[in-house]
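Report on the following structure.
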Amino acid sequence: MKDGQGEGATDRRVGWLRKMIEIRLFEEKVQELFMKGLIQGTTHLAQGQEGVSVGAIAAMREDDVLTMTYRGHGQALARGMDSEAAFAELMGRASGCCGGVGGSMHFTDFSKGLIGAFAIVGAGLPVAVGAAMSARMQGKDSVALTFFGDGSTNIGTFHESLNMASIWKAPVIFIIENNLYGEYTPLRETTPHEDLAIRAQPFQMPGIVVDGQDVGVVHDTVAEAIERARRGDGPSLLEMKTYRFRGHSRSDPAKYRPEGELDRWKARDPITILGARLAEESVLSEDDQKAAWDDIQSQIDAAADRAAEAPFPTLEETHRYVYAD
Amino acid sequence: MKDGQGEGATDRRVGWLRKMIEIRLFEEKVQELFMKGLIQGTTHLAQGQEGVSVGAIAAMREDDVLTMTYRGHGQALARGMDSEAAFAELMGRASGCCGGVGGSMHFTDFSKGLIGAFAIVGAGLPVAVGAAMSARMQGKDSVALTFFGDGSTNIGTFHESLNMASIWKAPVIFIIENNLYGEYTPLRETTPHEDLAIRAQPFQMPGIVVDGQDVGVVHDTVAEAIERARRGDGPSLLEMKTYRFRGHSRSDPAKYRPEGELDRWKARDPITILGARLAEESVLSEDDQKAAWDDIQSQIDAAADRAAEAPFPTLEETHRYVYAD
Amino acid sequence: MSTLTETAPAAEVAGTEVELTYRDAINAALDDALAEDATVLLMGEDVSSDGGVFKTNAGLVEKYGRERILNTPICENGFIGVALGMSVTGLRPIVEIMFSDFLPTAGDAIVNELPKFRFMSGGQTSVPVTVRSIAGATGRFGTQHSATGESWYMALPGLRVAVAGSPGAAYSLLRTAIRSNDPVLFFEHKGLYGRKGVVRRGELAELGKAQVVREGADVTIVATLLMVERSLAAAKALADDGIEAEVIDLRWLNPLDMPTVKASVQKTGRLVVAEEQPHPAGWGATVISRLAMDNVSFRAAPAAVSLPDHLPISYSPPLEDAILPSPERIADAARGAVSAR
Amino acid sequence: MSTLTETAPAAEVAGTEVELTYRDAINAALDDALAEDATVLLMGEDVSSDGGVFKTNAGLVEKYGRERILNTPICENGFIGVALGMSVTGLRPIVEIMFSDFLPTAGDAIVNELPKFRFMSGGQTSVPVTVRSIAGATGRFGTQHSATGESWYMALPGLRVAVAGSPGAAYSLLRTAIRSNDPVLFFEHKGLYGRKGVVRRGELAELGKAQVVREGADVTIVATLLMVERSLAAAKALADDGIEAEVIDLRWLNPLDMPTVKASVQKTGRLVVAEEQPHPAGWGATVISRLAMDNVSFRAAPAAVSLPDHLPISYSPPLEDAILPSPERIADAARGAVSAR
Ligand SMILES: Cc1ncc(C[n+]2csc(CCOP(=O)(O)OP(=O)(O)O)c2C)c(N)n1
Ligand SMILES: Cc1ncc(C[n+]2csc(CCOP(=O)(O)OP(=O)(O)O)c2C)c(N)n1
Ligand SMILES: [Mg+2]
Ligand SMILES: [Mg+2]
């Protein structure tokens, strides 16, 4: 029970499994609500990548913070955002986590340390560096995580952020979710190497390739990087090898995938992997798991129903979001 | 006579020495004209760095092109810009290389392949990548060089340019003039390592540290990188270790230098190093060298005098510089 | 990669009139330009993948190859710089910037480099780069994917700015932009891609010329992009009330066609600006200011200007709808101008 | 690095009146803000080296240490992003952007992040970042180091814009900017650093309030930055001709103090805009447009607006001088307005 919390305690991994299932079902529901027109615009689902969000965030302390991207449902839920607030945000309701003005790309919840979700590629990285510096300058030992995609490692802000983090030894963990594509373009067309972790080399920080489909491995690697950062030894770059089961965004059928690729990755579904392990170790039987899916499904359905009842915000109400003074 | 052009030919290195002296004296004169108010604004002198400009550019073919920075007098002269046109530009005259509108930071001469000098840090790099791609797309085997400082390796465009050059195997040579400072700030304060050449690592291209004070070594290294690029094997990153004898710009007394640093580097003056070698090898005696300095000084003086007689442009005349159509 | 000399010869671009969607009009302009001139290329993120993110590039990579329809990494400032380097060495790159909100990520290239490059060199070179950029709201894309930002760039001498309000305009403006020897920032509106209209294949738009898209004697409505069709809708509603609106599609913000606007406002004596961006520092403010400086007398009651609140765009669908000038709001503004004393 | 808790306690900032240069006024504002609030820090390129490139930061690193006067690498977009992250987690960073021309290199941070961050979160947080930026011509710094660009940013809801036209304004505006819980873009003019003026230590400027710096009944001149002193010089020359000009230092572009401008123009009936940037999409156009929409009647003959040609700034000294509005040109514009029929 290496991930457990000691004799008698519930295995933490059961919680991780439930959380991954919650994210999976949340995003299934999002897809369904989209079809009904209750959610509009675009969404970037992270199905298949749940192991990264859940494993990494499980390694965080309550006072740690994170920034993420438009593909952030997973991180938000993993960090404990209430799914009703999340659905309400997606439906543009006043009760959403951002009052309905943000939408899918900007899930933010300061009470949970979710300090920013960015729709501009690369924009979240320096913000995490700043949050990390800020903690240290205020004498705290909290750290910042920042999640971003493989394609985001090509934009200048990536380089600038790693450089600043390095010279200042900022307590920040850079987490690449390498799902092999930036929109419709495969990594190999835009990047001269397969392992993005080597981009850490010139910044004198560890660059580690991680199996993003194994939530336990994710957790342990991130926990170590966080420990390192917390004790003042500086940032790390972690590359999570993962895959998104759906297209880039709502309108993408993902026809550019080579045949068989999706199937190969579905065979490495992080939920299946952990589920099988828990069953094998008799921590959680297949029946119990089935019950968990059902239970979570009904919670999700209920949350979405409640969210749909909330009112839309008015333009007036949003005026006060523009300026604090 | 390894750098010579064969039996009977004048040793190329004599030309290099003369060119370095020309740049040195040109910039001395600039300083003098500044004091007289004939040149205004700011200038960024490259005294001490002449070996880089002259050695690298000597390795170029006539149809190769280059981009550079605000610290570009050396490159312009090395590439054969007429010193009268250069002085006239610095004095803001209509006969200047850019009609007087550009000034010190924008020495441009398309007839010499000087396709752009940029006052914004990092801006010249992608332009060189574009010129390199353009040559190849048009079926030419010319290459592009781009010169920039150590401090410029921290801005995002550096990363973006190296990445694009790498994935497209663009025939471009990135030349860092590492003079140890970005403005008043020493490299070690803004960069986590001493050798910037290692920044090539994640881009699968050679990264080579070069003694920038030895013009012959500069030449040979650049020649090799150019050959590589010309035959389609892609870009290189060359780090020239060098030093500027003066402050960052006109208003900088460079008080931030540790004691003795300047003297140590003056002992590695590229002109002295090559001069001594040529004397030792009896290629050019000390007397001949003395004569060369005098000869070039009077050419410089004459060029400056002629330049000072040219008229200023009028605002009307510059209207046609705004749009081509 | 192959070389440009191997590309197809210029295609026949006959003066045929066809009905095309706005999306297909852009596709046709790209196709015709690529066929006509072997130095033209299209570059940007995913431009060659599945017809591009907005499908404007369908069929191009099959026809012109992966070198001339060039996928780039995500690095807007870098690849516009690349385009600049190409443009001063013999090529005519068209750069696609997926959302106009990303133009500021390439702020240096767009503000300091493209517009000033020829100037700083003393006119030694020209910079034939076209930057296509997909602008505007209505997509529920939220605060960072809905800007038009069209006016920010009209302040920059050296940079032409074109705004396409219909399929016909999209085709001919884009052709002119690509043929121009100066950098042109070309705005497409994502809310218009499905609209149909008449396109004259081969037609070039005149640089700096606005178009009167509806004549009328009572009030002038000046519009760009999506607001052109909304202004036409407003004009229709106004006509039912006996008010005849003249609608001008501005088409260019630099140069700005003040003569056309002035002639219309002198005729109607009333002006409504229909713009999809905040009023401060916008083209609407500039147009009104020019008329005022030019001593044109016109009604400019507050209601005569239909401007969004000074708020960022929200995701929430009712809020996005509320913040944009609707045909109703434009018509109301026109009614206000007409009834002002 | 040490922690903020170790910094000095807030200093006494008495209400003393002192004569300071514009440079020292900025230095004093920084010093007082740093002393008052341990969460304030200053960051940017070379900010701690030799007093900073423009010497506005002299003595600060000695007093507050290298953590609170933080040198950054050259990466504007990155370090404004860092400041944003600091600001939403308890600090109040002041960022120095050495030349305003470099603001577009941080275009994403300035256009998409700082102004929209609070909004997109539904008001969950505030973004107390001050971006100081050194603007303007007269330095012979050429095309890429002379922009003011002040108006580009007034179109962005969420971002306050302050423009300092004198030592007193510089001090009090900067103090207000740093105390503000919203992002403020603060423009300093490099041509003013040596100017002396009265500074009231401890004074805060009122948000969004313009200042009438000279009263007069015949014509209103609205100015910002360097143009404030040039307008005052013009007013002096005009007085010799018996024309009394009212000069307004706008001080803020967002919010824009239209009431003050309007009251003045209603009194004088004539307006001259003195601005160091092209007219299109500028604050001058916005001011004129607002007055016109507000039915204020005023003379707006072309000469009444003194605007630079639509040209980039040249290095060549006579050209740089010729392109900027001089006191003579401003006075001529005023005379034109006064004599217009
Ligand atoms: C600066 C910028 N350029 C382009 C885009 C459009 N865009 C959104 S997501 C995306 C791909 C990002 O790929 P990656 O970083 O791998 O993240 P993923 O979507 O795979 O999670 C692009 C190009 C953007 N949002 N911001
Ligand atoms: C984007 C940008 N930021 C800041 C500056 C101001 N600046 C001019 S030169 C310089 C230092 C550059 O250092 P380095 O690249 O080492 O070149 P060097 O001057 O030493 O040749 C700085 C910060 C600039 N020109 N552009
Ligand atoms: Mg990806
Ligand atoms: Mg340097």
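Naming: A, B, ... by sequence-line order, numbering from 1 per chain.
- Heavy atoms of Ile313(D) lying under 4.5 Å from chain C belong exclusively to its backbone.
- Distance alone, capped at 3.5 Å, is enough to place a donor-acceptor pair between the Thr286(D) side chain and the Ala281(C) backbone.
- Chosen from Pro312(C), Gly107(C), Ala155(C), the residue pairing most often with chain D at heavy-atom distances under 4.5 Å is Pro312(C).
- Ranked by heavy-atom pairs under 4.5 Å with chain C, the first of Leu103(D), Asp108(D), Val287(D) is Asp108(D).
- Residues Arg290(C) and Pro280(D) have side chains in contact (heavy-atom distance under 4.5 Å, counting atoms from C-beta outward).
- For the set Gly282(D), Pro104(D), Ala109(D), the entry with the most heavy-atom pairs within less than 4.5 Å of chain C is Pro104(D).
- With rounding to the nearest 0.5 angstrom, the CG atom of Asn112(C) is 8.0 Å from the OG1 atom of Thr105(D).
- Using a 4.5 Å cut-off between heavy atoms, Trp152(D) contacts chain C through both its backbone and its side chain.
- Panel note: side chain Lys116(C), backbone Thr143(D); a donor-acceptor pair is recorded below 3.5 Å.
- Note: Leu156(C) CG to His310(D) NE2 = 7.0 Å, rounded to the nearest 0.5 Å.
- Interface remark: Asp101(D) contributes backbone and side-chain atoms alike to the contact with chain C (heavy atom separation under 4.5 Å).
- Minimum heavy-atom separation, Ala292(D) to Ile288(C): CB-CG2, 3.7 Å.
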